[in-house]
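Encoded as structure tokens, the structure appears first; notes follow it.
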Amino acid sequence: MMLLKKLFMNTTLRTRIIVLFTLFAVILVGGITLYSYHFTVDLLKKKEMAILGDSLEYLEKDISMQIKGINEEFISIFSDDHFIDLYRNSLSRIKTPVQQVELSNEITNYFMDIKIRNNKLLDAVYLFQKGEVYSSEYRPEYDWAQFQKSIYYDVCMESKNRILYGNFEPEKNYFSIVRSFYYTNGDNSVNPDVGYLSEDNEDYSVLIFRLKKSWLQKQIHEEAIKRQTSVIIFDKAGDVVVSEGSIDWLTEEDIIALTDEIRRNTSNFFEGEFIEGRVGINIRQIDLADWSIVYLYDMNILYRQAKQIQTVAVLIFVISVIIVICIASFISQTVVTPIRTLAKSMDEVVDNNMVVTFVPKYDDEIAYLGRRFAAMVQKTANLIEEIKLVEKQKQIEELKALQAQINPHFLYNTLDMVYWMNKMEGNDSSANLIADLADFFRLSLNKGEDITTVEREVEHVKKYLDIQKRRMDEKFDFQILLDQTLAKYRVPKLILQPFVENSLLHGFEGMTERGQINIRVYKEGQDIKIDITDNGCGMTIEKRDEINRSHIQGDRSYGYAIENVKARIQLYAGAAYGVWFDTEIVNGTMVRIRFPMNFSGGGKDDENVSC
């Protein structure tokens with residue numbers, strides 16, 4: 001926001017006046033225009049959606065009533081004595097060809113009566129029973145072998161004794177109600193029950209009502225034309241049973257997304273985005289068949305109805321903005337002319353003329369601006385001189401810093417020369433000591449950087465201990481344990497050497513037995529923990545508490561070394577980190593250092609950096 005304000009204030013005065021007036025017109029007139037447009041569209045949308053909702057509800061009730069009627073007809077067959085008698089006769093194994101023909105004709109007539117009663121919706125009735133096929137048609141479309149290979153057989157045997165609605169053959173002009181069943185209690189039972197416990201497919205017969213898609217098509221065709229919508233009926237699996245209206249623009253992915261939305265949405269209306277644009281979606285459920293009736297309404301129809309209002313509003317908006325820009329331009333011109341005169345004086349400053357004159361025509365704000373500009377030019381000239389002095393001083397400091405880098409290199413080269421002289425003379429012990437000393441200085445300087453890695457800091461303290469061990473005639477031993485996963489993490493340099501030096505100078509002072517220093521570097525949570533312990537004389541609990549509270553008295557060098565390490569750690573990591581002396585240990589001293597694995601300027605150093 002501040003950046004936008006700065007950019008705006010850095011534009012010309014004339015631009016600002018025009019922009020402010022234009023913004024005022026855009027906000028006021030544009031707000032009224034948008035409100036009018038959206039209010040009209042919302043009003044039209046609510047009205048249209050209410051009409052579509054009522055129409056869809058009427059269509060759903062009409063289809064549901066017809067489906068309910070055919071469903072009741074389907075269910076009633078299984079308790080119809082006449083059907084049960086026919087079914088039992090069909091199971092009889094002792095039938096002459098004449099009896100078989102008579103039975104087939106009787107079952108066909110029975111099914112034909114059902115078809116005639118439900119001629120509006122019912123296309124055909126089939127009974128498949130242990131190798132035989134009976135139908136309301138004198139020339140059945142399927143024989144027993146074809147039926148066993150069909151999807152009807154697979155579906156019925158998978159969901160035994162369940163009434164199923166399905167668009168099992170989408171390419172055909174019908175959908176079906178199917179059920180697998182068998183009767184129990186024996187052939188002589190007066191009131192046999194429909195069985196459901198058998199797992200043997202051979203026990204089951206299948207009854208199919210084949211229903212006309214053309215009836216559904218006619219139902220939804222009238223509504224699609226009347227309401228200018230696309231009407232689709234989906235089954236439970238998300239497949240299209242029938243559709244009306246232009247849905248060619250719906251891709252397979254669109255249909256999948258639409259069915260997913262239908263399953264997820266609990267409301268009867270929502271909107272969706274498709275290739276053709278935004279579409280209003282009305283949904284009703286036909287519970288008995290587990291279908292969804294969907295109205296797809298092109299919302300662009302609503303927007304076109306509001307187009308006239310939108311055009312008028314936009315026209316008013318454009319005319320208003322043009323008028324405001326003309327007024328703003330006239331007002332800004334009266335202000336900008338004297339400013340241009342002042343701009344010519346500024347051009348002289350650009351040409352390095354730091355002495356400018358500006359004679360205003362009137363004693364107004366522009367005149368005041370000219371006087372302040374002249375004062376600013378003078379101050380700028382003074383600042384330029386000061387900058388030149390600062391740059392010169394900076395060059396001197398850089399030269400000093402470059403010269404300061406010469407001394408360490410001279411020291412390294414000299415120690416390297418002494419190392420090879422001792423090697424050539426066979427003084428390996430002295431040569432190794434000199435090599436450790438050179439590495440110690442190299443690691444201490446760390447190329448002038450205050451941040452090093454855990455690995456290099458451990459190597460630095462190891463070189464120091466190797467040198468001191470030789471100097472003190474092997475009077476102590478040391479052990480360093482490093483978690484290698486922490487080797488490349490960054491820490492401040494020289495945070496270990498002051499503490500091992502204190503152990504050598506103070507902890508082992510006056511000891512007769514051999515000294516021992518242990519250093520352990522490990523990870524705890526997101527922190528690096530370092531424990532430094534020795535078996536020296538230790539210190540009093542009061543002294544440890546005093547050091548931990550950072551109120552150190554007495555040995556100033558001892559206190560300053562600790563405070564320096566603690567201050568540098570807290571500088572990088574914050575007050576929660578630092579150095580503590582363990583007050584619980586009885587013999588010797590334990591120092592604990594805590595530092596974060598990640599900090600500003602820190603973290604893991606993945607580069608293979610040579611020192």
Side-chain angles (χ1 to χ4, degrees), residues 59-78 80 82-83 86-87 90 104-129 132-156 159 162-181 204-224 231-237 239-244 286-293:
L59 180 61
E60 179 269 325
K61 288 181 178 179
D62 187 29
I63 294 175
S64 293
M65 184 177 65
Q66 297 292 336
I67 294 293
K68 182 180 179 182
I70 200 69
N71 188 71
E72 290 174 352
E73 181 80 56
F74 187 81
I75 294 172
S76 67
I77 289 178
F78 298 100
D80 183 23
H82 188 192
F83 176 76
L86 292 173
Y87 179 80
S90 69
S104 179
N105 289 336
E106 192 172 357
I107 295 176
T108 299
N109 291 333
Y110 177 81
F111 287 159
M112 280 294 294
D113 289 341
I114 296 174
K115 179 178 177 180
I116 292 170
R117 288 199 302 271
N118 300 276
N119 187 54
K120 183 178 180 181
L121 181 57
L122 188 58
D123 178 68
V125 181
Y126 281 87
L127 174 64
F128 296 92
Q129 186 269 119
E132 299 293 338
V133 179
Y134 302 99
S135 172
S136 61
E137 310 300 307
Y138 286 105
R139 292 183 179 179
E141 187 173 340
Y142 300 97
D143 59 25
W144 176 256
Q146 291 173 327
F147 169 69
Q148 284 189 309
K149 296 177 182 179
S150 71
I151 189 173
Y152 292 104
Y153 184 81
D154 295 337
V155 169
C156 289
S159 302
R162 290 180 57 190
I163 297 176
L164 304 173
Y165 283 78
N167 189 25
F168 301 111
E169 295 180 288
E171 70 281 0
K172 299 295 181 66
N173 193 31
Y174 50 79
F175 58 98
S176 305
I177 310 175
V178 300
R179 181 185 185 184
S180 58
F181 69 97
Y204 286 88
S205 300
V206 176
L207 181 65
I208 299 177
F209 272 20
R210 203 166 70 181
L211 307 180
K212 299 175 183 177
K213 280 186 181 178
S214 58
W215 170 77
L216 274 180
Q217 202 81 38
K218 182 180 179 182
Q219 294 287 100
I220 65 175
H221 173 76
E222 296 175 358
E223 292 300 321
V231 184
I232 310 174
I233 296 182
F234 290 100
D235 62 15
K236 182 180 180 180
D239 296 325
V240 176
V241 179
V242 291
S243 64
E244 190 62 45
I286 300 178
D287 295 328
L288 198 59
D290 211 359
W291 289 346
S292 299
I293 305 180

side-chain contact (heavy atoms from CB on, under 4.5 Å) for Tyr126 and Glu141? Distances and angles first, verdict last.
CA-CA 10 Å; Tyr126 281 87; Glu141 187 173 340; 3.4 Å; yes
Counting distance only, does the side-chain N/O of Asp80 pair as donor-acceptor with the main-chain N or O of Ser76 below 3.5 Å?
no
Ignoring hydrogens, what is the shortest heavy-atom contact between Glu132 and Trp144? Give both atom names and the distance.
O-CE3, 3.9 Å
Assess whether side-chain contact (heavy atoms from CB on, under 4.5 Å) is satisfied between Phe128 and Val178, documenting all intermediate values.
CA-CA 11 Å; Phe128 296 92; Val178 300; over 6 Å; no
Measuring from atom CG of Asp62 to atom CD1 of Ile220, what distance do you get when rounded to the nearest 0.5 angstrom?
12.5 Å
At what distance, to the nearest 0.5 angstrom, does CG of Asp154 lie from CD of Gln148?
10.0 Å
Mind checking ring pair (Phe, Tyr, Trp, His ring centres under 6.0 Å) for Phe209 and listing every partner two or more places apart, or none if nothing turns up?
Phe74
Using salt bridge (charged side-chain N to carboxylate O under 4.0 Å, His left out), reason through Asp123 and Lys212 one step at a time and then give a plain yes or no.
CA-CA 5 Å; Asp123 178 68; Lys212 299 175 183 177; 5.6 Å; no
Under the 3.5 angstrom rule, does the side chain of Ser64 hit a backbone N or O of Lys61 as a donor-acceptor pair?
no
If you draw a 6.0 Å radius around NZ in Lys68, do more than 12 non-hydrogen atoms from other residues or ligands fall strictly inside?
no
If I compare all heavy atoms of Lys213 with all of Pro170, which pair ends up nearest, and what's the gap?
NZ-O, 3.1 Å
The reported gap from NZ in Lys120 to CG in Leu211 (rounded to nearest 0.5 angstrom) is 13.5 Å
Would you say Gln217's side chain and Ser243's backbone share a donor-acceptor pair under 3.5 angstrom?
yes
Would a distance-only check, ignoring hydrogens and angles, find a side-chain to backbone donor-acceptor pair under 3.5 Å from Gln146 to Asp143?
yes
With the side chain counted from C-beta on, respond yes when Leu207 and Phe111 share a heavy-atom pair under 4.5 Å apart, and no when they do not.
yes
List the steps, then state whether side-chain contact (heavy atoms from CB on, under 4.5 Å) holds for Phe83 with Leu127.
CA-CA 11 Å; Phe83 176 76; Leu127 174 64; 4.2 Å; yes
Would one find more than 12 heavy atoms of other residues, nucleotides or ligands at under 6.0 Å from atom CZ of Arg162?
no
Quick check against the 3.5 Å criterion: does Ser136 have a side-chain atom that pairs as donor or acceptor with the backbone of Val125?
yes
Taking the six-membered ring of Phe168 as reference, does the cationic atom of Arg210 (NZ for Lys, CZ for Arg) lie under 6.0 Å from its centre and within 45° of its axis?
no
For Tyr138 and Thr108, does a side-chain donor sit closer than 3.5 Å to a side-chain acceptor?
no
Report yes if the side chains of Leu122 and Ile114 come closer than 4.5 Å at any heavy-atom pair, otherwise no.
yes
Measuring from atom CD1 of Ile70 to atom CE of Met65, what distance do you get when rounded to the nearest 0.5 angstrom?
13.0 Å
Phe175 ring center near Trp291 ring center (under 6.0 Å):
yes
Taking the side chain as everything from C-beta on, heavy atoms only, tell me whether Val206 gets closer than 4.5 Å to Arg179.
no
Exam field: side chain Asn118 to backbone Leu121, donor-acceptor pair closer than 3.5 Å:
no
Side chains of Asn167 and Lys172, donor plus acceptor under 3.5 Å:
no
Do Tyr134 and Ser90 get their side chains close enough for a donor-acceptor pair, meaning under 3.5 Å?
no
Derivation and outcome, ring pair (Phe, Tyr, Trp, His ring centres under 6.0 Å), residues Tyr142 and Tyr153:
CA-CA 12 Å; Tyr142 300 97; Tyr153 184 81; over 10 Å; no
Can you tell me how far the OG atom of Ser214 sits from the CG atom of Asn173, to the nearest 0.5 Å?
5.5 Å
Intermediate values then yes/no, side-chain contact (heavy atoms from CB on, under 4.5 Å), Leu59 and Ile293
CA-CA 9 Å; Leu59 180 61; Ile293 305 180; 4.2 Å; yes
Find out whether Phe147 and Ile208 are in side-chain contact, i.e. whether some heavy atom of one side chain is under 4.5 Å from a heavy atom of the other.
yes
Would you confirm whether Tyr174, through its side chain, and Glu169, through its main-chain N or O, come within 3.5 Å as a donor-acceptor pair?
no
Within the distance-only criterion (no hydrogens, no angle test), does the side chain of Ser180 pair as donor or acceptor with the backbone N or O of Cys156 below 3.5 angstrom?
yes
Side chain to side chain, Leu216 and Val241, heavy atoms closer than 4.5 Å
yes
Side chain to side chain, Ile77 and Tyr110, heavy atoms closer than 4.5 Å
yes
